[in-house]
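A short worksheet on the structure shown next.
All of these numbers come straight from a predicted model, not from anything done at the bench. Throughout, numbering of the chain's residues begins at 1 and tracks the sequence.
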Amino acid sequence: QVQLVESGGGLVEAGGSLRLSCAASGRTISSYSIGWFRQTPGKERDFVAAVSRDGGVTLFADSVKGRFTISRENARNTVDLQMNSLKPEDTALYYCAAASVYYTRLSNEYHTWGQGTQVTVSS
């Protein structure tokens with residue numbers, strides 16, 4: 001059974017950058033499509049980005065296109081989310097998740113979730 005752990009969150013000023021990492025244990029992360037989601041208090045969990053099992057397809061929410069990138073780092077068994085030009089609106093608890101389809105942006109198709117890492121962007 002695959003387990004996921006997010007890291008890399010923290011406090012950053014607007015316009016700055018953070019790199020989040022989703023580390024897998026128990027299984028090889030390349031066996032799964034991986035998505036990133038974020039959630040703020042009182043709101044639904046929103047899709048941020050995803051990468052297909054082979055890395056050939058990437059998906060991004062409109063709100064982060066051009067600012068965020070997602071990449072597979074198979075040597076480290078991770079999927080990373082590079083976040084640039086951060087805005088206060090990006091403040092959220094960020095989760096990574098694994099799915100057993102080629103790729104998806106639908107949260108209910110992800111079967112394994114990490115515990116989340118907090119990203120706070122100050123103005």
Side-chain angles (χ1 to χ4, degrees):
Q1 180 72 258
V2 67
Q3 295 176 322
L4 302 176
V5 177
E6 304 94 335
S7 63
L11 176 65
V12 65
E13 294 182 349
S17 299
L18 283 173
R19 189 175 183 92
L20 306 184
S21 183
C22 178
S25 62
R27 302 296 292 263
T28 301
I29 201 166
S30 62
S31 298
Y32 307 94
S33 56
I34 299 294
W36 285 93
F37 295 79
R38 64 189 183 187
Q39 188 169 27
T40 55
K43 298 194 67 176
E44 298 292 321
R45 188 171 297 179
D46 291 330
F47 171 79
V48 177
V51 61
S52 62
R53 282 189 279 182
D54 64 356
V57 178
T58 57
L59 305 171
F60 298 94
D62 288 343
S63 59
V64 306
K65 283 181 179 177
R67 299 189 297 120
F68 291 11
T69 58
I70 189 169
S71 62
R72 288 190 174 275
E73 303 291 342
N74 288 340
R76 298 191 290 110
N77 208 30
T78 70
V79 170
D80 293 354
L81 184 70
Q82 178 67 44
M83 306 186 295
N84 299 323
S85 301
L86 283 163
K87 305 175 181 179
E89 307 93 274
D90 296 318
T91 295
L93 186 64
Y94 283 71
Y95 298 88
C96 68
S100 295
V101 297
Y102 182 59
Y103 68 89
T104 181
R105 62 175 70 219
L106 302 176
S107 62
N108 63 3
E109 294 189 341
Y110 289 88
H111 54 74
T112 304
W113 294 78
Q115 83 291 340
T117 186
Q118 179 67 39
V119 172
T120 302
V121 183
S122 62
S123 60

Item to check | Trace of the side chain to side chain contact (heavy atoms under 4.5 Å, CB included) decision for Ser21 with Arg76 | outcome: CA-CA 10 Å; Ser21 183; Arg76 298 191 290 110; 3.9 Å; yes

Next on the checklist: Between Glu6 and Cys96 (side chain of the first, backbone of the second, donor and acceptor by atom type, cut-off under 3.5 Å), is there such a pair?
Outcome noted: yes

Next on the checklist: Ring-plane angle category for Phe37 and Trp113, please: parallel below 30°, perpendicular beyond 60°, tilted otherwise.
Outcome noted: tilted

Checklist entry - So, does Ser33 use its side chain to make a donor-acceptor pair with the main chain of Val101 at under 3.5 Å? => result yes

Checklist entry - Step by step, would you call Ser17 with Asn84 a side chain to side chain donor-acceptor pair (under 3.5 Å)? => result CA-CA 4 Å; Ser17 299; Asn84 299 323; 2.9 Å; yes

Checklist entry - Going through the distances and angles, do Phe68 and Val48 end up as a side chain to side chain contact (heavy atoms under 4.5 Å, CB included)? => result CA-CA 9 Å; Phe68 291 11; Val48 177; 3.8 Å; yes

Checklist entry - Rounded to the nearest 0.5 Å, how far apart are CG of Asp46 and OG of Ser63? => result 7.5 Å

Next on the checklist: Check for me, please, whether Tyr94 and Val12 land in the same ILVMFWY cluster - side-chain distances under 4.5 Å, paths through other members count.
Outcome noted: yes

Checklist entry - What distance do Arg72 atom CZ and Ser52 atom OG have between them, rounded to the nearest 0.5 Å? => result 6.5 Å

Checklist entry - Would Arg19 and Asp80 satisfy salt bridge (Lys or Arg N to Asp or Glu O under 4.0 Å), going step by step from the backbone distance to the final call? => result CA-CA 7 Å; Arg19 189 175 183 92; Asp80 293 354; 3.1 Å; yes

Next on the checklist: Can you give me the closest heavy-atom contact between Gln118 and Ala92, atom names plus distance?
Outcome noted: NE2-O, 3.4 Å

Item to check | Shortest non-hydrogen separation from His111 to Val2 and the atoms involved | outcome: CE1-CG1, 4.5 Å

Next on the checklist: Quick check against the 3.5 Å criterion: does Thr91 have a side-chain atom that pairs as donor or acceptor with the backbone of Val121?
Outcome noted: yes

Item to check | Distance, nearest 0.5 Å, that separates CG of Leu4 from OH of Tyr110 | outcome: 11.0 Å

Item to check | Close side-chain approach of Leu93 to Thr117, heavy-atom, < 4.5 Å | outcome: no

Next on the checklist: Tell me whether the NZ or CZ atom of Arg53 lies within the 45° cone about the ring axis of Tyr32 and under 6.0 Å from its centre.
Outcome noted: no

Checklist entry - Do Ile34 and Ile29 come close enough that some side-chain heavy atom pair is under 4.5 Å? => result yes

Next on the checklist: Quick check for you: to the nearest 0.5 Å, what is the distance between Tyr95 atom OH and Trp36 atom CH2?
Outcome noted: 12.0 Å

Next on the checklist: I need the minimum non-hydrogen distance between Gln115 and Val5, along with the two atoms involved.
Outcome noted: OE1-CA, 3.6 Å

Item to check | Exercise: do Thr104 and Glu109 side chains pair donor with acceptor under 3.5 Å | outcome: yes

Next on the checklist: I want to check something: taking the side chain as every heavy atom from C-beta on, are Arg38 and Val119 in contact at a cut-off of under 4.5 Å?
Outcome noted: no

Checklist outcome for this item: Closest non-hydrogen atoms of Asn74 and Ser30, given as atom of the first, atom of the second and distance, are OD1-CB, 4.0 Å

Checklist outcome for this item: Tested for side-chain contact (heavy atoms from CB on, under 4.5 Å) against Met83, the lone hit among Asp90, Thr69, Leu20 is Leu20

Next on the checklist: For the CZ atom on Phe60, are there more than 12 heavy atoms of other groups (residues, nucleotides or ligands in this structure) within a distance under 6.0 Å?
Outcome noted: yes

Checklist entry - Looking only at heavy atoms, which two atoms of Arg67 and Leu86 are closest? And how far apart? => result NH1-CA, 3.9 Å

Next on the checklist: One pair to check against side chain to side chain contact (heavy atoms under 4.5 Å, CB included): Arg45 and Ser107. What are the steps and the verdict?
Outcome noted: CA-CA 8 Å; Arg45 188 171 297 179; Ser107 62; 5.6 Å; no

Checklist outcome for this item: Between Thr58 and Ile70, the two heavy atoms sitting closest are CG2-CG2, 3.6 Å

Checklist entry - Would a 4.5 Å heavy-atom cut-off, applied to side chains only, mark Asp54 and Tyr102 as touching? => result yes

Next on the checklist: With a 3.5 Å distance limit and no angle check, can you tell me whether Gln39 reaches the backbone of Lys43 through a side-chain donor-acceptor pair?
Outcome noted: yes

